[in-house]
Amino acid sequence: MRTWWKKHSGITCAAVGVAVSLLSDISIYAVLPTAFGDLGLEQWQVGLVLSANRWVRLLTNYPVGIAAKTYPEYIGEMFSMSLLLGCICSACYAISQRFWVLMIGRCLWGAAWSAIRNSALLCVRNVVKSGDLPAGEATGYYDGVSRVGAVVGLIAAGPIYDSLSFSWLFGIWCAIAFVAVPLGKISHSITIKQLSTSTFEDTTSGPTTSCRTACKQPPQKFALLAIAFITGCVSWGLVIGTLGMILKEQYGEEVDMGAFSVKIATFNSIVLGVRWTLEVLGTPLLGRLCDRVGRKKASLVSFVIGTLGTLSCLLLPAKFMFVGIMLLFISASSVSIAALTEAVDTDMISSYVTLQDFGSAVGPVLGYTLPHTGLSAKVGVFSTVVLLYSLGILCSLKAYENRFLVVLDTDVAGLEVELDTVPELVPERSNEEAAPEEVEEGPKETEDDTVALVDKV
């Protein structure tokens, strides 16, 4: 247990900070789609409020990434300050529910989330680079713990709003988030310590083995970025942003649960809460599964399952919609873990999260626009998901066909060779295990010599 905590403590602190910051953000999705009329908002305003933070992130992701690379010694402080900014956003929601106030809060949250996510992923990357955890397992564990905040927020948002008010809901989340502000600095300090005690020589970039990858070829890169857009648009924008509207269309103001009935806002919170509960329990396992079976196979199977689940929502009666929605959400999580792990390994984090944010920004606007075309919310949203997931299947066939530029460790420093596929493992080699003839000074190696050396490794 002590060894486990030593490996996971840094990621845990970062994920808990992220989880607390998500309480307020997720509650917006649980409450606003069904309560906008009571707050004096129009339907089109809801779409703008839900997507505003994502449009802002398109502008802030790259500056935040550049700042982290330029001033790495202040990443912990940036993490904590962004968590504090998240508290201010919750305070905005609690103070006033006017459209322009909500828009300001959401825009501030967009900037805050860029820094929160970037800082947390850097903590995850530090642990991966230290060799304590493989990339898939580390990413899955981080996702699982951080989504606890989403589970709590979604389950509690509806009942708190129904029994108290919109202001009380976000006032509570603001107070809780303020307590978690120091976790940003703490988590970064822990992971930096893990990295500093690592036995790996290359601590600037790359995966956990003694080789590091450079970049993907353009076709594979574009396919991976397309997957980022699809997962953002479907999971974080199109479905989660319109689910309350779809449920209200199918069930009305209340849902009969048998012995009792619940209001639609509470039922929406329950559905989303079950989704996040399953993901909290399942994402660590999904991360390990990606490490075991491969990211390409995991992505393909997940897209197929998600497509089948969405078709069931379209074709089967409303009482079966719950199962289809769960299949859609779980498949989206599996695809995201595989793609994010691939982005980390190929140094595409900034591009990946930016395209995912772009999809998340387009999703709510698209979802609230489709009913105006004459389609019902259910048909319009789920038909769009089927089309996007079909495209995702095609992209998965290409995105994980890698050409890697491998830089071997310090035993053969400076040797660079292109490989068609990433090696399953390039084992660590101590100085004693290195073949002396491979590193002795002599005539410059030819291309044949280089290939022979890599084959031997």
Side-chain angles (χ1 to χ4, degrees), residues 11 15 18-19 22 25-26 29-30 54 113 117 120-121 124 134-155 224 226-241 243 271-310 312-313 322-344 349 352-353 355-357 359-360 363 382 385-386 388-389 392-393 395-396 399-400:
I11 294 182
V18 173
L22 286 174
D25 180 56
I26 295 299
Y29 293 100
R54 295 181 173 120
W113 180 243
R117 178 175 55 185
L121 287 176
V124 174
E137 181 179 347
T139 304
Y141 177 77
Y142 163 77
D143 276 352
V145 176
S146 63
R147 291 178 185 185
V148 172
V151 173
V152 175
L154 288 170
I155 293 177
L224 183 63
I227 292 175
F229 174 84
I230 291 169
T231 56
C233 184
V234 171
S235 181
W236 289 100
L238 188 59
V239 177
I240 196 174
L243 184 59
V271 173
L272 294 176
V274 172
R275 171 252 175 117
W276 287 107
T277 301
L278 292 175
E279 291 190 354
V280 166
L281 299 176
T283 47
L285 298 178
L286 292 175
R288 293 183 180 182
L289 184 65
C290 287
D291 287 331
R292 181 177 296 272
V293 305
R295 298 163 197 169
K296 180 178 180 178
K297 185 181 296 184
S299 182
L300 283 171
V301 173
S302 299
F303 270 127
V304 171
I305 292 175
T307 302
L308 295 176
T310 307
S312 70
C313 293
F322 178 81
V323 176
I325 291 173
M326 290 302 107
L327 289 175
L328 172 60
F329 281 141
I330 293 174
S331 66
S333 295
S334 180
V335 171
S336 295
I337 291 174
L340 180 58
T341 305
E342 185 78 1
V344 171
I349 295 177
Y352 177 86
V353 298
L355 263 293
Q356 192 173 57
D357 285 340
S360 300
F382 290 136
V385 172
V386 170
L388 290 173
Y389 265 37
I393 294 173
C395 291
S396 295
Y400 301 97

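Quick caveat, the model's predicted, so the values are computed rather than measured. Just so you know, these numbers use all the heavy atoms, side chains as well, and skip hydrogens, waters and symmetry mates.
Going from atom CG of L340 over to atom OG1 of T139 covers 5.5 Å, rounded to the nearest 0.5 Å. The CG atom of L300 sits 11.0 Å away from the CD1 atom of I305 when rounded to the nearest 0.5 Å. A distance of 11.0 Å separates OG1 in T307 from CG in L327, rounded to the nearest 0.5 Å.
Applying the side chain to side chain contact (heavy atoms under 4.5 Å, CB included) criterion to C313, with sequence neighbours excluded, gives M321, I325, F382. S302 is linked by a side-chain hydrogen bond (donor to acceptor under 3.5 Å, both in side chains) to S334, counting only residues two or more places apart in sequence or in another chain. Taking R292 as the reference, nothing meets the salt bridge (charged side-chain N to carboxylate O under 4.0 Å, His left out) condition, with sequence neighbours excluded. Every residue meeting the side-chain hydrogen bond (donor to acceptor under 3.5 Å, both in side chains) condition with S299, not counting sequence neighbours, appears here in chain and number order: S396. In this view, A332 and S235, Y389 satisfy the side chain to side chain contact (heavy atoms under 4.5 Å, CB included) rule, not counting sequence neighbours. Residues that satisfy the side chain to side chain contact (heavy atoms under 4.5 Å, CB included) test with V304, not counting sequence neighbours, are L308, I393. I330 pairs by the side chain to side chain contact (heavy atoms under 4.5 Å, CB included) definition with L278, not counting sequence neighbours.
The two residues I227 and C395 come nearest to each other via the heavy atoms CG1-CB, 3.8 Å. Taking every heavy atom of both residues into account, A399 and E342 meet most closely at O-OE2, 4.2 Å.
One N or O on the side chain of S360 and one on the backbone of G232 form a donor-acceptor pair closer than 3.5 Å.
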Taking distance alone, no hydrogens or angles, what donor-acceptor pairs closer than 3.5 Å link side-chain atoms of residues 140-152 to residues at least two apart or in another chain?
unit_1 : atom_1 : unit_2 : atom_2 : d
Y141   : OH     : T12    : OG1    : 2.6
S146   : OG     : Y142   : O      : 2.9
S146   : OG     : D143   : O      : 3.1
R147   : NH1    : E279   : OE1    : 2.5
R147   : NH1    : S333   : OG     : 2.9

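Side-chain contact between D357 and R117: present, with at least one pair of heavy atoms (C-beta onward) separated by less than 4.5 Å. Using a 4.5 Å heavy-atom cutoff, the side chains of T231 and Y352 are in contact. Between V234 and L328, some side-chain heavy-atom pair lies under the 4.5 Å cut-off.
A 6.0 Å sphere centred on NZ of K296 holds more than 12 heavy atoms belonging to other residues, nucleotides or ligands.
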Inset, instruction - Start with the C-alpha distance between V274 and F329, add both sets of side-chain angles, then the distance that settles side-chain contact (heavy atoms from CB on, under 4.5 Å), and finish with yes or no. - result: CA-CA 10 Å; V274 172; F329 281 141; over 6 Å; no
Legend entry - Residues R295, I337; criterion side-chain contact (heavy atoms from CB on, under 4.5 Å); working and verdict: CA-CA 9 Å; R295 298 163 197 169; I337 291 174; over 6 Å; no
Inset, instruction - Start with the C-alpha distance between V323 and S312, add both sets of side-chain angles, then the distance that settles side-chain contact (heavy atoms from CB on, under 4.5 Å), and finish with yes or no. - result: CA-CA 8 Å; V323 176; S312 70; over 6 Å; no
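Screening D25, V18, V353 for a side chain to side chain contact (heavy atoms under 4.5 Å, CB included) involving W113 leaves a single residue, V18.
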